[in-house]
Enquirer: 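The structure follows.
Numbers for residues simply follow the sequence, beginning at 1.
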Amino acid sequence: MANTAVMSLKGPIDKTFALAAAYIDVCPENIWGKKFGGWPAWQQLYHGLAAIDFFLRGPDDAQAKALYDHAVGDLKETPAQAPDKAAFKSFLETAKARIDAYCAGLDDADLAKNNPGLSKRFGADMTHAITLSLMAGHLFYHLGGCDAALRENGLKGVF
């Protein structure tokens with residue numbers, strides 16, 4: 001089966017991850033650790049990536065291990081030092097692999113079915129189609145803040 005609808009919804013996620021990888025590569029260190037919109041640029045992107053676990057874990061699963069304590073991903077704390085870009089890129093690749101595996105387990109008919117973990121966390125029915133849409137939009141939003149940080153400093157953005 002082609003799973004055309006799943007691949008259509010996954011397309012923006014793939015694009016966002018490609019842009020995020022490009023951002024990590026081009027972002028200078030002085031911007032990587034500088035605050036924009038209340039958090040360092042890297043933490044905006046980290047939040048978007050750490051949220052993948054929120055969208056995809058089961059209803060009773062513990063939060064997945066990440067680069068930092070969950071309070072950092074939840075934007076409640078900011079560490080004194082920015083993460084190494086190589087470690088950050090590895091975290092991005094792990095998040096992308098998780099999405100790829102999730103999508104590989106879906107067929108077009110599954111898109112209308114309930115995502116039990118996300119539904120429990122939201123307290124409302126959330127389908128797999130909604131899950132894919134929310135993941136793409138959430139990461140695009142935070143990457144947009146990162147891109148703006150580049151542009152505010154006279155650099156070319158990744159968009």
Enquirer: State, to 0.1 Å, how close Gln81 and Trp42 come at their nearest heavy-atom pair, and which atoms those are.
Expert: O-CZ2, 4.4 Å

Enquirer: For residues 82-101, which residue pairs pass the ring pair (Phe, Tyr, Trp, His ring centres under 6.0 Å) check, not counting sequence neighbours?
Expert: Trp32-Phe88, Tyr46-Phe91

Enquirer: Might you point out which heavy atoms bring Ala5 and Leu111 nearest each other, and give the distance in Å?
Expert: CB-CD1, 3.5 Å

Enquirer: Nearest 0.5 Å, what's the CG-OG1 distance between Asp53 and Thr94?
Expert: 12.0 Å

Enquirer: Could you list the donor-acceptor pairs under 3.5 angstrom formed by side chains in residues 128-138, with sequence neighbours left out?
Expert:
{"from": "His128", "atom 1": "ND1", "to": "Tyr102", "atom 2": "OH", "distance (Å)": "2.5"}
{"from": "His128", "atom 1": "NE2", "to": "Asn114", "atom 2": "O", "distance (Å)": "3.3"}
{"from": "Thr131", "atom 1": "OG1", "to": "Asn115", "atom 2": "ND2", "distance (Å)": "3.0"}
{"from": "Thr131", "atom 1": "OG1", "to": "Thr127", "atom 2": "O", "distance (Å)": "2.9"}
{"from": "Ser133", "atom 1": "OG", "to": "Ala129", "atom 2": "O", "distance (Å)": "3.1"}
{"from": "His138", "atom 1": "NE2", "to": "His47", "atom 2": "NE2", "distance (Å)": "3.1"}
{"from": "His138", "atom 1": "NE2", "to": "His142", "atom 2": "NE2", "distance (Å)": "3.3"}

Enquirer: In this structure, are over 12 heavy atoms from other groups packed under 6.0 Å from Lys89 atom NZ?
Expert: yes

Enquirer: Would you say Asp14 and Ile99 make side-chain contact, with heavy atoms under 4.5 Å?
Expert: no

Enquirer: At their closest point, which heavy atom of Trp39 faces which heavy atom of Gln44, and how far apart are they?
Expert: CE3-NE2, 3.6 Å

Enquirer: Do you know the tightest heavy-atom contact between Leu92 and Ala21?
Expert: CD1-N, 4.0 Å

Enquirer: Surrounding OH of Tyr141 (heavy atoms of other residues, nucleotides or ligands, distance under 6.0 Å), is the total greater than 12?
Expert: no

Enquirer: Report yes or no: does Arg121 contribute a side-chain atom to a donor-acceptor pair with the main-chain N or O of Phe54 at less than 3.5 Å?
Expert: yes

Enquirer: Does the side chain of Ile24 reach to within under 4.5 Å of the side chain of Leu45, using non-hydrogen atoms?
Expert: yes

Enquirer: Please say yes or no: joined through hydrophobic side-chain contacts below 4.5 Å, possibly via intermediate residues, are Ile52 and Leu75 part of one cluster?
Expert: no

Enquirer: Would you call Lys85 and Glu29 a side-chain contact if the rule is heavy atoms closer than 4.5 Å?
Expert: yes

Enquirer: Between Glu77 and Gln43, is there a side-chain heavy-atom distance shorter than 4.5 Å?
Expert: no

Enquirer: Please examine the side chains of Phe140 and Lys15, heavy atoms only from C-beta on, and report whether any two atoms are closer than 4.5 Å.
Expert: yes

